[in-house]
There are 2 protein chains.
Amino acid sequence: MNLEQASRQLEALGNPTRLQLYRTLVRAGPAGLPVGGLQERIGIAASTLSHHLKRLVETGLVTQERQATTLICRAHYPAMDALIGYLADECCADAGCVAVAAAAS
Amino acid sequence: MNLEQASRQLEALGNPTRLQLYRTLVRAGPAGLPVGGLQERIGIAASTLSHHLKRLVETGLVTQERQATTLICRAHYPAMDALIGYLADECCADAGCVAVAAAAS
DNA sequence: CCTCTATTTCCATCATACCGGAAGGATAGA
DNA sequence: TCTATCCTTCCGGTATGATGGAAATAGAGG
């Protein structure tokens, strides 16, 4: 994980629609959700949704698996782990950060 | 911490220059750095730097303290804690996330 | 008041993001 | 093959972001 990759992932999550999208996928759990299901829940145009999803997939935060004509989307936890780890490292380099202190306890 | 605030902070960090800025401030530790010191290290125009800093301050990720004519900037750890906490909650709502498992151990 | 330094705001330019309608694949089933 | 569904890509408009030079502001000190 380097600064460029981290910033790309952060930017991907730094849009309310995409963050909501990611959140929805997390709440959907390991089963994931098809693109159409996401569209129902979020309520945006299919093309807009596809753009956002593409961004999340490109940055590795979401994976997609084809099942016949439907595309199942899932939150890709390892990517979020790595991102949080990077932020925590940056944040807590001087051990002044509560998050790592809590994790260490 | 709600979705809008989280996405604004994520967007603020989702720019390579701003993430580098934040990282520099974290590495500077509690003493912080003046704006001019940041400019030396990052090497961008003062106006550009000021724009980026404004964004980081507005989102609460960085604080500023005036000392005579110089402005000392510091990473504001509680904000990062809250953001990481939000991401971890979203990510690990179904306990499928390694980060929280590690924190819990 | 004048000046010097530090920083911000103003302003303009260029690039990129966001949005969604319309058209174009991809896949399954009749 | 024909059709229907699901999703993506193409395209256009509008908005927002990034960048930095120039001018303005803030504070310290003569």
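Every chain is numbered from 1 and lettered A, B, ... according to where its sequence line falls, protein lines coming before strand lines.
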Undergrad: So, does B/N15 get its side chain near the phosphate of D/dG17, meaning an N or O under 4.0 Å from OP1 or OP2?
TA: no

Undergrad: Hey, does B/A68 reach any base, or is it just sugar-phosphate, or nothing, if we go heavy atoms under 4.0 Å?
TA: sugar-phosphate

Undergrad: To the nearest Å, how far apart are A/I72 CD1 and D/dT8 C1'?
TA: 16 Å

Undergrad: Among C/dT8, C/dC19, D/dT8, which is the nearest nucleotide to the side chain of A/H52?
TA: C/dC19

Undergrad: In whole Å, I'd like the distance from the CZ atom of B/R55 to the P atom of C/dT9.
TA: 15 Å

Undergrad: Measuring from the side chain of B/A45 (C-beta onward, heavy atoms only), which nucleotide among D/dG20, C/dG21, D/dT8 has the closest atom?
TA: D/dG20

Undergrad: Contact between A/L25 and A/L56 at the side-chain level, heavy atoms closer than 4.5 Å - yes or no?
TA: no

Undergrad: Test B/L33 against every option in B/Q39, B/R27, B/E40, B/R41 by the side-chain contact (heavy atoms from CB on, under 4.5 Å) rule and name the one that passes.
TA: B/R41

Undergrad: Would you say B/S50 places a side-chain N or O within less than 4.0 Å of OP1 or OP2 belonging to C/dT7?
TA: no

Undergrad: Nearest-Å distance, CD1 (B/I44) to P (D/dT19)?
TA: 7 Å

Undergrad: Any base atoms under 4.0 Å from B/T70, or only sugar-phosphate, or nothing? Heavy atoms, all strands.
TA: sugar-phosphate

Undergrad: Which nucleotide in the list D/dG17, D/dT8, C/dC19 gets nearest to the side chain of B/E11?
TA: D/dG17

Undergrad: Rounded to whole angstrom units, what separation is found between the CZ atom of A/R66 and the P atom of D/dC6?
TA: 12 Å

Undergrad: Out of C/dA28, D/dA18, C/dC19, which has the shortest distance to the side chain of A/T69?
TA: C/dA28

Undergrad: Please report the shortest heavy-atom distance between B/V35 and B/L49, naming the atom on each side.
TA: O-CD2, 3.4 Å

Undergrad: In this structure, how many angstroms lie between the P atom of D/dG27 and the CD atom of B/Q64, rounded?
TA: 14 Å

Undergrad: How close or far is atom C1' of C/dC18 from atom CG of A/L49, stated in whole angstroms?
TA: 13 Å

Undergrad: Check every strand shown and say whether A/H51 touches a base, only sugar-phosphate, or nothing at a heavy-atom separation below 4.0 Å.
TA: base

Undergrad: Using whole Å, what does the distance between atom P of nucleotide D/dA26 and atom CD of B/E65 come to?
TA: 19 Å

Undergrad: Quick one: label A/Q67 by what it contacts on the DNA or RNA (base, sugar-phosphate, nothing), any heavy atom closer than 4.0 Å.
TA: nothing

Undergrad: Decide yes or no, distance alone: a donor-acceptor N/O pair under 3.5 angstrom between the base of D/dG20 and the side-chain of B/S47.
TA: yes

Undergrad: Could you tell me the separation between the CZ atom of A/R18 and the C1' atom of C/dT16, rounded to a whole number of Å?
TA: 12 Å

Undergrad: Taking the basic N atoms (NZ, or NE/NH1/NH2) and the acidic carboxylate oxygens, is any pair closer than 4.0 Å for B/E11 and B/R55?
TA: yes

Undergrad: Could you tell me which non-hydrogen atom of A/Y86 sits nearest to which non-hydrogen atom of A/L3, and how far apart they are?
TA: OH-CA, 3.4 Å

